[in-house]
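Atom set for the values below is all heavy atoms of this structure, side chains included, hydrogens, waters and symmetry mates excluded. Just so it is clear: chains get the letters A, B, ... in the order the sequence lines come, proteins before strands, and each one is counted from 1. The shown structure was predicted, so the numbers you read here are calculated from the model rather than taken from an experiment.
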Amino acid sequence: MLDINLIREKPDWVKEQLGKLFDEGAVARIDRIVALDARRRELLQDAENRKGSRNKLSKQVGRLRGDKNTPEGELYAVAEAVMEKVAARDLDGAMTVFEEFSKGERSRIVSSIKVPVVSQGKNEKRFNEKLNDLFAAMKEISDEISELDEEIREIEEELDENMLWLPNIPHESVPVFPHEEDNIPHPEKGTRRSFDFTPKPHWELGPELGIIDFERGVKLSGTRFYILAGMGARLQRALYNFLLDELNKAGFTELYVPLLIQEHAMYGSGQFPKFIDTSYRVEDGTFYLLPTSEVAIVNMYAGEIFEQADLPLNHTAETSCFRQEKMSAGRDVRGIKRVHQFEKVEMVVIAEPDKSYDALEWMTETSEGLVDKLGLPYRRLEIVSGDLGFTATKKYDIETWAPGCEEWLEISSCSNTEAFQARRASIKFRPEEGGKPQFVHMLNGSALGIPRTIIAILENYQTADGSVIIPDVLRPYLGGQQIIEPK
RNA sequence: GGAGAGGUAGCAUAGUCUGGCCUAAUGCGCGCGCCUGGAAAGCGCGUACAGGGAGAAUAUCUCUGUCGUGGGUUCAAAUCCCACCCUCUCCGCCA
């Protein structure tokens, strides 16, 4: 979520920034938001002033009934004088009557009323009636405030809705271009192998090696599901153990998190409302299947305030991830590049605002280091404004070359969201030099998407006879095994 | 699944029966100051979050809301009523 104060103060600047996303719908929301915000504050002032007066007055009015020290004649006079002001909705005037009365200006108030104070017995009845009138009038005032509150609630609902649909603003360093194709590749690293035979795509290699079973996966669960068998399953396990061990060494604390999460968490990290169609909801309606462990890690700290010394906080988790892939229907239907359920090792960094861009570089380099250790050719892609996605201010993708399907595969994606998620989930830190708590910056990156890493390993390490050499770094995780051979 | 006890600002507790002097107290912790050669102790002051308003102000003043969450009753709710969530103890069942 963006800062409403920023939108209020610099709406044109915000529009200009959102314009870089080539998202006209987002830009169009700003004027509506500014109008709703102004209206909200106007009504809020009115309601709060009225509440303040009502609260003060209510105490004084209530005490009239229990007052045993003041003669009833005088109580009646006060009630009468207050009632007159309340009927005219002059609440401050009514308070003034009480203040003057307590200051001792009783005789003036008593003498100012229309009905003269009479003998004791009649006063009691008149007083109680007057008091009931006063209570009734107070109730009317409360009801009027409730109506105002309701109006405010409706405005806030629309305001929130608009705010929740606004994407993040790109960082000034992000190149402004509209499309995915405009993303800027950095120089390729690692060595692309030259093959003296035609390298096969993984959807051929996998079944031939007996390690990916597409047919039975589909039999179980339908299209875009698969089964890893034997060395396939073991390779996956080796891979994420390797990745987690490396990240532990790099200073990430490992987490095991729930795969079923509630709706508010999906809002907190920015998946909802925009991507509600791409997630799976379980039938009882209260849970969603985790689309990425980023959602769990970001939201586990919702509502919390860190000490500055606690930061940065580096977390990693390996989880299954579940995605409907409705938006990509028909794309990448072969193989395991785009599937409904996959494993991913994720990194999340919670950083102080002035350190978050250094953290982004570090996180991205960490990710590249992992690809490098696996001996895969890769490149960094600088993501342009139009392809940033909903939550990121700046993003790098890491791609690895897959010689079998002859394409660059997005194997990792590292983003800074600045305070966008922190604001949604309310995650702050207390600055050491004092001052109010402020929002942290939150970053996330994959390290790495497992199926695509498996694709890259199979396709890059294949040999002419259809075997696949196991990368050096994974061998310790596979009992020293060096090669996967066809059945 | 059954029974009971709970959820109050960083922590621990009071307040709830009996609605209004709660503008939520007290202790601990933490911060600042005094004191000291320095420290401890002692003393003083300050210490939740959010949203508004005044203001040049990230100074200060001020208002509203929040006592697990949401409703309700009432002129008025931490306090009474209803629903839900969570925690703890015991019992039952179970991988």
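- Rounded to the nearest Å, the gap between the P atom of rG7(B) and that of rA76(B) is 26 Å.
- A donor atom on one side chain and an acceptor atom on the other are not found under 3.5 Å apart for Gln271(A) and Tyr288(A).
- Residues passing the side chain to side chain donor-acceptor pair (under 3.5 Å) test with Lys344(A), sequence neighbours excluded: Thr292(A), Glu346(A).
- For Phe252(A), the ring-ring contact (aromatic ring centres under 6.0 Å, His included) criterion is met by Trp362(A), not counting sequence neighbours.
- Between Arg32(A) and Asn162(A), the side chains place no donor N or O within less than 3.5 Å of an acceptor N or O (distance only, hydrogens not considered).
- Spacing between rA3(B) and rA48(B) at atom P, rounded to whole Å, works out to 41 Å.
- Under the Watson-Crick or G-U wobble criterion, with both distances below 3.5 Å, rC75(B) is paired with rG20(B).
- Proximity of residues 139-150 of chain A to RNA chain B (heavy atom under 4.0 angstrom from any strand atom) is restricted to Lys139(A), Ser142(A).
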Which pairs, protein N/O on one side and nucleotides 80-83 of chain B N/O on the other, fall under 3.5 Å?
none

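- Residues passing the salt bridge (Lys or Arg N to Asp or Glu O under 4.0 Å) test with Asp213(A) are Arg216(A), sequence neighbours excluded.
- Two residues are said to be in side-chain contact when any heavy atoms from C-beta on lie closer than 4.5 Å; Arg50(A) and Leu148(A) meet this criterion.
- With both ends at atom P, the span from rU47(B) to rG10(B) equals 14 Å, rounded to whole Å.
- Here the separation of rC45(B) from rG53(B), taken at their C1' atoms, is 28 Å to the nearest Å.
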Please produce a list of atom pairs where a protein N or O lies less than 3.5 Å from an N or O of nucleotides 19-23 of chain B.
| residue | atom | partner | partner atom | Å |
| --- | --- | --- | --- | --- |
| rG20(B) | O2' | Arg63(A) | NH2 | 3.4 |
| rG20(B) | N2 | Ser58(A) | O | 2.9 |
| rC21(B) | OP1 | Lys59(A) | NZ | 3.1 |
| rU23(B) | OP1 | Lys59(A) | NZ | 2.8 |
| rU23(B) | OP2 | Lys59(A) | NZ | 2.9 |

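- Residue Arg153(A) is classed as having no contact, given no heavy-atom separation below 4.0 Å to the nucleic acid.
- Every pair passing ring pair (Phe, Tyr, Trp, His ring centres under 6.0 Å) that includes a residue from residues 417-448 of chain A is listed here, sequence neighbours excluded: Phe390(A)-Phe420(A).
- With P as the reference atom, rU18(B) and rU13(B) are 25 Å apart, rounded to whole Å.
- Applying the side chain to side chain contact (heavy atoms under 4.5 Å, CB included) criterion to Leu255(A), with sequence neighbours excluded, gives Val257(A), Ile297(A), Met300(A), His315(A), Ala317(A).
- Spacing between atom CG of Leu36(A) and atom P of rG52(B) amounts to 14 Å, rounded to whole angstrom units.
- Rounded to whole Å, atom P of rG53(B) lies 13 Å from atom CG of Leu43(A).
- Tyr477(A) and Asp245(A) share a side-chain donor-acceptor pair at under 3.5 Å.
- Among the atoms of the strands shown, none is found under 4.0 Å from any heavy atom of Arg50(A).
- Comment: Asp149(A) engages Lys51(A) in a salt bridge, judged by a side-chain N to carboxylate O separation of less than 4.0 angstrom.
- rG51(B) atom P lies 12 Å from atom CG of Asp37(A), rounded to whole Å.
- Listed pair Arg41(A) / rG51(B) fails the phosphate criterion, with no side-chain N or O lying under 4.0 Å from OP1 or OP2.
- Within the 4.0 angstrom heavy-atom criterion, no nucleotide atom of any strand lies near Leu57(A).
- In this structure Glu418(A) satisfies the salt bridge (Lys or Arg N to Asp or Glu O under 4.0 Å) test with no other residue, sequence neighbours excluded.
- We find that CD of Gln308(A) is positioned 15 Å from P of rG31(B), with the value rounded to whole Å.
- Evaluation of the salt bridge (Lys or Arg N to Asp or Glu O under 4.0 Å) rule for Glu147(A) yields no partner, not counting sequence neighbours.
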Are any protein N/O atoms closer than 3.5 Å to N/O atoms in nucleotides 58-66 of chain B? If there are, list each pair with its distance.
| residue | atom | partner | partner atom | Å |
| --- | --- | --- | --- | --- |
| rG65(B) | OP1 | Asn55(A) | ND2 | 3.3 |

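- Residues Glu352(A) and Val440(A) fail the side-chain proximity criterion, which asks for heavy atoms closer than 4.5 Å.
- Base pairing annotation: rU36(B) forms no Watson-Crick or G-U wobble pair, as no partner gives both donor-acceptor distances under 3.5 Å.
- The pairing partner recorded for rG70(B) is rC82(B), the criterion being a Watson-Crick or G-U wobble arrangement whose two distances lie under 3.5 angstrom.
- With sequence neighbours left out, the side chain to side chain contact (heavy atoms under 4.5 Å, CB included) criterion links Ser142(A) to Arg54(A).
- One finds no salt bridge joining Glu215(A) and Lys219(A) here, because no Lys/Arg side-chain nitrogen approaches an Asp/Glu carboxylate oxygen to under 4.0 Å.
- Look at rU26(B): its Watson-Crick or wobble partner, with both distances under 3.5 angstrom, is rA12(B).
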